[in-house]
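Chain A is the first sequence line, chain B the second, and so forth, proteins listed ahead of strands; every chain is numbered from 1. Note that the coordinates shown come from a computational prediction; the quantities given were computed from them, not determined experimentally.
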Amino acid sequence: MSRNLTRRDFLTTTGLALGALGVGGRVAHAQGPTKGGSTLITAQTTEATGLDPQLVPALSRSRRSPLTYNQLVRFEPDMTPVPELAESWQISPDGLTWTFKLRQGVKFHDGQEFTSADVKFSFDRLLEKSQSGKSDFSAVDKVEPVGKYGVKFVTKEPFAALVAALGGFWGFIVSEAGVKKYGDLNKNALGTGPFILEDWKVEQQMVFKRNPNYWKKGVPHVDELIVRVIPDEANIVAALRTGQIHHGFIEDNKNYNLLKDEKSLTGYRSSRLGYDYLNISANRGPLKDVRVRQAISWAVDRSQVMRVATAGFGRLTAPCTAPMKQWQLPEEQWMKYYKPDVDKAKKLMAEAGQASGFTVKCMVIPTFPTMVSGAPVIAAQLKRIGINMEIENVEYAVWIKRWQAHDFDMTMNSTPGYADPDVAFFRALHSTKGQNWNSWSVPAVDALLEEGRRTMDQKKRKEIYDRLQLAILENVPHLWLYSADLIDFTQTTVKGFRQHPTALLYGLEGAAIEKA
Amino acid sequence: MGRYVVVRLYSMAMTLLGLSVLVFLMLRLVPGTVVEQLIGADAVVSPAMVAELKRFFGLDQPWWRQYAAWVGGLAHGDLGTSWRTGKPVIALIAERLPVTIELTAFAIGFALLLGIPAGIVSATQRDRAVDNVTRVGALLGLSVPVFWQGTMLILFLSIYLRWMPPVMWVDFLTDPRRNLTIMLLPAFCLGTASAANIARTTRACMLDVLGSEYIRTAAAKGLRPRLVVLKHALRNALIPIITIVGLQIGILLGGTVVVEEVFTLPGIGRLVLWSIYQRDYPLTQSTILFVAVMFMSVNLAVDLLYAYLDPRIRY
């Protein structure tokens, strides 16, 4: 047949196409930077929305802040406070004045010396400009320099959580010159920290150089640090496997199983300060009734939710999570609230006049894997007591808007956690002086929150927060679902990396790459 | 010809005007603004501060005034300044555009090299095994979603071959080998559906042409089959194929959004996606308009190409 092409014709026509594919085959093994170099590459799924440690509340910002900034005090991975830019501190007998002795000879990245003026500037700016940062320091009246290397925090009332706040997400010290130079510090960074920000290509990578004048001697070990953004975690898993990145932060705990047996990788798994929870708005329809909220609490099987959402890599938690060791309730006291009891739940529903059930909506942010997988489990469990929980997928920006406006019945939520119970609970749960996301009011809880804040004696404080935690579990403002384990992987050549329960990147300062 | 081009340019301008209104309004219909994004979830914010931020971004103005300010800037060649990065939009586009163009070019190159030969073979071997395989393959290529294909390829290669494209971007001029390695999989994924489309169109057009009388005449007078197929038939089948290819380029430019996200390529697509998440209005609006101009220019170029390929067509 005249239409037939001969085999040779076919080969010449398609040869080019195959040849084009062949190109890839030959260069296929050209790999990323060598593992023995002094550039450390780390990857995570989320980009920072901005870098200003005093204006940007997002965790993506807080995580990066320790790379370029220091705090006066910082928390070790076991959550004990250690001096950082402050060498020591003492409290006046009335508990209203804290005096900090500052470290001498510390330099900002631009070569200027760090002094008490910078501490005053940082906290003046925080208290004036940062609405969310301010609430961590709401009891602070003023910050005064005491000579060049001393600083005094004067508080309106005894404020036991000051050290926790200083070592928290809003305690980073900025330079006055830096703010003057850049306007805000969202696209630049000028601190005293271990790394100097060199270049930032948004949604791609940040490049940091080692700070040669860092006040801690001998660190950082690497000359260059690259923080990559790889939005799809499957690609981070693949990049770890193929040795293209040195460190990866894993957010979807199911991926732990994919990597844990890799010989070339070191896995890190530890308890997280933060937790996932289910917010209940206490001013919406049937949810106003505490018995209904209690029924929800009895109906939800938290360990089942945890198994699905974290692949079992997590733990159930009291309002104070495991890393907040000194504040933990004895397990038997809180665990008894977590034993699912459908009959009891149904009885409470009946008492509240809701025996026939009702429908509520629950917000879920589609880009948070634990929310997406956890919510349907909860919906199925609530169905057993007649509550029809409709899952609303809400994009993050919209979620923030509705969250700020307290416009929701229920929502899945996640928090990085806080070292001190005052910081953790006061803002979230106080009905008038806090943000009160749950739109609720329990006078007993308000009283305990205020008492805890004022009490300086550790033992008494602990008793107060024990009582508070039980009051919270009784009144159910939200359900503490579980605390997912924190998971990181590095190449085995990376030594000295340490996880931190807050997920902040403190641990890269001491990381080194062993020459292969 | 000159008149035709003028008319086309005029209609392009009108389309762009309509598109600008559409993009502008659609963005504002989506709940949430850059202000909420800046504040974040954990924040405690006074209404005064929200108002101040809104004023800062001009969001307190009525929409038509915001629109006029933006279009006025465009008329002066000013695409605006990105709210979240503080950089001029034009600079961000210039930084990202080469990646997207390279990706699209490779994808269309791959689609042509695979699609046209496959279509020809399929047509000349009609209803035989090769034809059936090609047709099923084309259907598969059309049906598999790009994001799934990309993720599966990465997973498969990283698990079984311990290989994946480098995650650190390098441009072609700095390191051509590495750049091509990075581009290989994304271009393959992006081009698959187009290759399938082109193969199907080529097959259909070739069958049409091969059935015509002048082909029979050419064969009857003893011309070599290869000459008949490649010179007489293919050339005449080319017009619809070119149309499809032109359209495919536009689709690919849009399709890069997904591929760039899956393979973490720093192109225009990821820029637009990120800017939408951030509600960075100037960046989203101007970049979408820019891509639209590119799309329309390609279409115009394709239409002009007809006249060159088929001397019977005159504008």
| request: Tell me whether the centres of the aromatic rings in F110(B) and F188(B) are closer together than 6.0 Å. | output: yes
| query | Non-hydrogen atoms of chain A under 4.5 Å away: do they reach the side chain of T151(B), the backbone, both or neither? | reply | side chain
| Which bit of I245(A) comes within less than 4.5 Å of chain B, counting heavy atoms only: side chain, backbone, both or neither? | side chain
| query | Measuring heavy-atom distances to chain A, does Q278(B) have an atom under 4.5 Å in its side chain, in its backbone, in both, or in neither? | reply | side chain
| message | What verdict does the side chain to side chain contact (heavy atoms under 4.5 Å, CB included) test give for I236(A) and I230(A), after you've listed the backbone C-alpha separation in whole Å, the side-chain angles of each residue and the deciding distance to 0.1 Å? | response | CA-CA 7 Å; I236(A) 294 185; I230(A) 301 181; 3.8 Å; yes
| S60(A) and E47(A): side chain donor to acceptor below 3.5 Å | no
| Using non-hydrogen atoms only, which part of R84(B) is less than 4.5 Å away from chain A: side chain, backbone, both, or neither? | both
| task | Heavy atoms only, distances under 4.5 angstrom: which of V202(A), N186(A), V56(A), D232(A) has the most pairs with chain B? Name it, please. | result | V202(A)
| task | Could you look at I226(A) and say if it's the side chain, the backbone, both or neither that has a heavy atom under 4.5 Å from chain B? | result | side chain
| request: Let me know if R228(A) has heavy atoms under 4.5 Å from chain B in its side chain, its backbone, both or neither. | output: side chain
| query | What option among K129(A), E262(A), Q205(A), K134(A) has the most heavy-atom pairs under 4.5 Å with chain B? | reply | E262(A)
| query | Going by the angle between their ring planes, with limits at 30° and 60°, are W403(A) and W399(A) parallel, tilted or perpendicular? | reply | parallel
| query | Looking at L225(A), I41(A), T42(A), L240(A), which hits side chain to side chain contact (heavy atoms under 4.5 Å, CB included) with H247(A)? | reply | T42(A)
| field | Toward chain A, the part of F106(B) with a non-hydrogen atom under 4.5 Å | value | neither
| said: Once side chain to side chain donor-acceptor pair (under 3.5 Å) is applied, do any residues pair with T264(B), and if so which ones, sequence neighbours excluded? | reply: none
| request: Quick one: list whatever passes ring pair (Phe, Tyr, Trp, His ring centres under 6.0 Å) with W83(B), sequence neighbours left out. | output: F57(B), Y281(B)
